[in-house]
Amino acid sequence: MKIKDTLSNLEHTIDISNKVRIYLCGVTVYDDSHIGHARTIIVFDVLRRYLESQGAEIQLVQNFTDIDDKIIHRANAEDKTAAQVSTTYIENYFRDFDNLHVKRATDYPKATQHIDDIIMFIDKLIKQEIAYTSENGVYFSVSKFPEYGKLSKKRIDQLESGARIRVDEKKKDPLDFAVWKITDEKPTWASPWGRGRPGWHIECSAMSTKYLGDDFDIHGGGRDLIFPHHENEIAQSESCTRVRFAKTWMHVGMVTINGEKMAKSTGNVKSVRHVLDDWGPNIIRLFCLAGHYSKPIDYSEELLLENLTKWRQVETCHYELINADGAESEKNDTLAKLAREFDQALDDDFNTHLALSSFFQLVKETNRLAADEKLGKENSQAIKTELQRMLDILGLVVLEISDKQRQEIDKLVSDRTQSRQEKRFKDADKIRDELYDMNVQLVDHKGKTIWMLKEPIRADR
RNA sequence: GGUACUCUGGCAGAACGGUUAUGCGUGAGCCUGCAAAGCUUAUACAAGGGGGUUCGACUCCCUCGGGUACCUCCA
């Protein structure tokens, strides 16, 4: 598989013969996650599922930033401790992302549980004179890392002209950034330089190295992290270890609303919980995978609605396959071709849009065979296997049905069929309405009626 | 101001130096007791503007313009 690396702008081949080590910058837990977070995390979830389907072993590490100014502010505002705030939003994170069918990462390290590692890391930087102490903290000296700016393609002199210099900070250079902040504001931890807390970027340097080694395969996150976060991580890690930090950098485009970045400051945030209530996990996942991961994607009801239509087709396909008993169509190689195209699309810089187009072609083709009464048992078994493989990679899940529900529905459906045969159409339609209210869609074929249990989507009218 | 990305049909959105992308939508039809769902078929012949390279460019180069992001916390 090839991924376009942000740093070199070249396509890198991901070696899956050894364990693939991935570090994903997760969220700062001071509030509920929004759909922008969801996109990044879903992209990496599908990436991971795809690589696993190709036989790769994956180690996916995703951090929680559980100490920072915003968390402290929220804690103060709500008269809680920072730990209470972060714990709450970590719980909410798992609630939301489990509901989105995101597979759990291998590890979810937290900054506050790696203070020792962070201190050791800073200590190394100081010993090498790459970081220096001042009265209010420890700073990384950007001038000691000549390659600073290589990820974000910025030049130090250009940055300096635009840099904001805070009066209260005792930096040698305005570009220097804090790796340790000395402060009395709780919570604080003891360090050789005084009580305080770590800077933001240092946790990812310390934790990624600890969990994945000095040099790992993929480092990812949202595009907005390229500068300064990932730039600073590179500076810290490469200064410290003297080896290349991550082999491949992969950045996910922003979710926008009316073309503007979704952000707390502009108030155009759609929380995962809220969107999940209206649309459910499958439609959100389809929406997040609709464009190339590196490009922005605009959130709109219209686009979600389009994906609802598509999802209904997938559900139809699923039930047509279950009920397949038509004449066997002659063998053709469409199935193998679409499966191959699906994989090729993902192989080529993770082109989920193209992969989805193969996926939907398979769905359409199957529904067409069903409509022509040409979907036989043997054929449908092969399609079912392939369709399920794709669904698993995409993390899409058709609504499960219990035996009790099934019996209940079967009963009503056969009552309706009886009524129709006796031309008691009013009775038949009454049952149909009843089923409709149970989210059961009837599909009247020529000789038989099949039904499907649709995922209830609140936004569906 | 600097840097990066981006500009494709009503909408979403790819690939590719020469082939219908695909999907949604829309029109018509099939099926049906009527619907729904599904299917069939038609429809977009598109490439921000202007130059250039080429036998041929949406695809490469130049230029002008629009948009977004980052340059401060940010997925």
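Given the structure is predicted, the values throughout are model-derived calculations rather than measurements.
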Inset, instruction - Please measure how far the C1' atom in A12(B) lies from the corresponding atom in C71(B), and state the result in whole Å. - result: 31 Å
Inset, instruction - Determine the Euclidean distance between corresponding C1' atoms of C70(B) and A15(B); express it in Å to zero decimal places. - result: 29 Å
Legend entry - A28(B) versus A37(B) - spacing of their P atoms, nearest Å: 16 Å
Legend entry - Residue pairs passing the salt bridge (charged side-chain N to carboxylate O under 4.0 Å, His left out) test where at least one lies in residues 267-283 of chain A, sequence neighbours excluded: Asp278(A)-Arg458(A)
Inset, instruction - For the side chain of His34(A), starting at C-beta, report the closest nucleotide among A75(B), A12(B), U3(B). - result: A75(B)
Legend entry - Pairs meeting criterion side chain to side chain donor-acceptor pair (under 3.5 Å) with involvement of residues 295-305 of chain A, two or more places apart: Thr256(A)-Asp298(A)
Inset, instruction - Considering only atom P, compute the distance from U43(B) to C64(B) and round it to an integer number of Å. - result: 41 Å
Legend entry - Span that lies between the C1' atom of C45(B) and that of C34(B), in whole angstrom: 39 Å
Inset, instruction - Compute the ring centroids of Tyr89(A) and Phe64(A), then answer whether they are less than 6.0 Å apart. - result: no
Inset, instruction - Could you tell me which residues satisfy side-chain hydrogen bond (donor to acceptor under 3.5 Å, both in side chains) with Ser152(A), sequence neighbours excluded, listed by chain and number? - result: Glu231(A)
Legend entry - Centroid-centroid distance, Tyr211(A) to His114(A), less than 6.0 Å: yes
Inset, instruction - With heavy atoms under 4.0 Å as the rule, sort Ser152(A) into base, sugar-phosphate or nothing. - result: sugar-phosphate
Inset, instruction - Send over the distance from Ile226(A) CD1 to U68(B) C1', rounded to a whole Å. - result: 13 Å
Inset, instruction - Would you classify Thr28(A) as touching base, sugar-phosphate or nothing, given that sugar-phosphate means primed atoms plus P, OP1 and OP2, and contacts are heavy atoms under 4.0 Å? - result: sugar-phosphate
Legend entry - Between A47(B) and C58(B) - P atom distance, rounded Å: 8 Å
Inset, instruction - Measure the distance from CG on Asn268(A) to P on A75(B) and round it to the nearest whole Å. - result: 14 Å
Inset, instruction - Identify whether any heavy atom of Gly253(A) sits under 4.0 Å from a base atom; if not, whether one sits that close to sugar-phosphate; answer base, sugar-phosphate or nothing. - result: base
Inset, instruction - Identify, between Arg39(A) and Thr256(A), the residue whose nearest nucleotide on RNA chain B lies closer to the 5' end. - result: Thr256(A)
Output side-chain donor-acceptor pairs under 3.5 Å for residues 24-33 of chain A, partner residues at least two apart or in another chain, one line each.
{"residue": "Asp31(A)", "atom": "OD1", "partner": "Arg74(A)", "partner atom": "NH1", "Å": "3.4"}
{"residue": "Asp32(A)", "atom": "OD1", "partner": "Asn92(A)", "partner atom": "ND2", "Å": "2.8"}

Legend entry - Phe64(A) CZ to A75(B) C1', straight-line distance once rounded to whole Å: 13 Å
Would you mind writing out the side-chain donor-acceptor pairs for residues 359-366 of chain A within the sub-3.5 Å range, not counting sequence neighbours?
{"residue": "Glu365(A)", "atom": "OE2", "partner": "Arg368(A)", "partner atom": "NH2", "Å": "3.3"}
{"residue": "Thr366(A)", "atom": "OG1", "partner": "Leu362(A)", "partner atom": "O", "Å": "2.7"}

Legend entry - Atom-to-atom span, CG of Leu338(A) to P of U22(B) - whole angstrom: 12 Å
Inset, instruction - For Lys310(A), answer base if it contacts any base atom (sugar-phosphate contacts may also be present), sugar-phosphate if it contacts only those atoms, and nothing otherwise; contact means non-hydrogen atoms under 4.0 Å. - result: sugar-phosphate
Inset, instruction - For Lys154(A), report the nucleic acid contact type (base, sugar-phosphate, nothing); a contact means any heavy atom under 4.0 Å. - result: base
Inset, instruction - Using Watson-Crick or G-U wobble pairs with both distances under 3.5 Å, give me RNA chain B in dot-bracket, 5' to 3', with [ ] for crossers and | for pairs to another strand. - result: (((((((..(((.....[...)))((((((.......))))))....(((((..]....))))))))))))....
Inset, instruction - Taking the side chain as every heavy atom from C-beta outward, state whether Tyr293(A) and Ile3(A) have any pair of such atoms under 4.5 Å apart. - result: yes
Inset, instruction - Whole angstrom is fine here: how far is it from CG in Leu304(A) over to C1' in C11(B)? - result: 14 Å
Legend entry - U72(B) and G50(B), which share atom name P, separated by this distance in whole Å: 39 Å
Legend entry - Listed partners of Asp66(A) passing side-chain hydrogen bond (donor to acceptor under 3.5 Å, both in side chains), at least two apart: Thr112(A)
Legend entry - Nearest-Å distance for atom pair CG/C1', residues Asp31(A) and A75(B): 14 Å
Legend entry - Cation-pi, Phe227(A) ring and Lys154(A) (6.0 angstrom, 45 degrees): yes
Legend entry - Partner set under side-chain hydrogen bond (donor to acceptor under 3.5 Å, both in side chains) for Gln236(A), not counting sequence neighbours: Ser205(A)
Legend entry - Which nucleotide in A75(B), C24(B), C71(B) has an atom nearest any side-chain atom of Glu306(A): C24(B)
Inset, instruction - May I have the distance from Leu305(A) (atom CG) to G10(B) (atom P), rounded to whole angstrom? - result: 21 Å
Inset, instruction - Can you check each nucleotide of nucleotides 33-41 of chain B against protein heavy atoms at under 4.0 Å and return B for base, S for sugar-phosphate only, - for none, in 5' to 3' order? - result: BBBBBSSS-
Inset, instruction - State which of A14(B), A75(B), A4(B) makes the closest approach to the side chain of Arg223(A). - result: A4(B)
Legend entry - Selected nucleotide, minimal atom distance to Lys295(A) side chain, candidates A14(B), U3(B), C11(B): A14(B)
Inset, instruction - Show the numbers, then the answer: is there a side chain to side chain contact (heavy atoms under 4.5 Å, CB included) between Ile41(A) and Gln62(A)? - result: CA-CA 9 Å; Ile41(A) 285 155; Gln62(A) 180 186 329; 3.7 Å; yes
Inset, instruction - Would you mind reading off the distance between His353(A) atom NE2 and C16(B) atom P, rounded to a whole angstrom? - result: 14 Å
Inset, instruction - Nearest-nucleotide wise, let me know which of Ala290(A) and Gln361(A) is further upstream toward the 5' end of RNA chain B. - result: Ala290(A)
Inset, instruction - Determine the contact category for Gly36(A): base if any of its heavy atoms lies under 4.0 Å from a base atom, sugar-phosphate if only primed atoms, P, OP1 or OP2 are that close, otherwise nothing. - result: base
Inset, instruction - Assign Leu354(A) to base, sugar-phosphate, or nothing according to its heavy-atom contacts below 4.0 angstrom with the strands shown. - result: base
Inset, instruction - Give a yes/no on whether any side-chain N or O of Ser300(A) is located under 4.0 angstrom from OP1 or OP2 of C11(B). - result: no
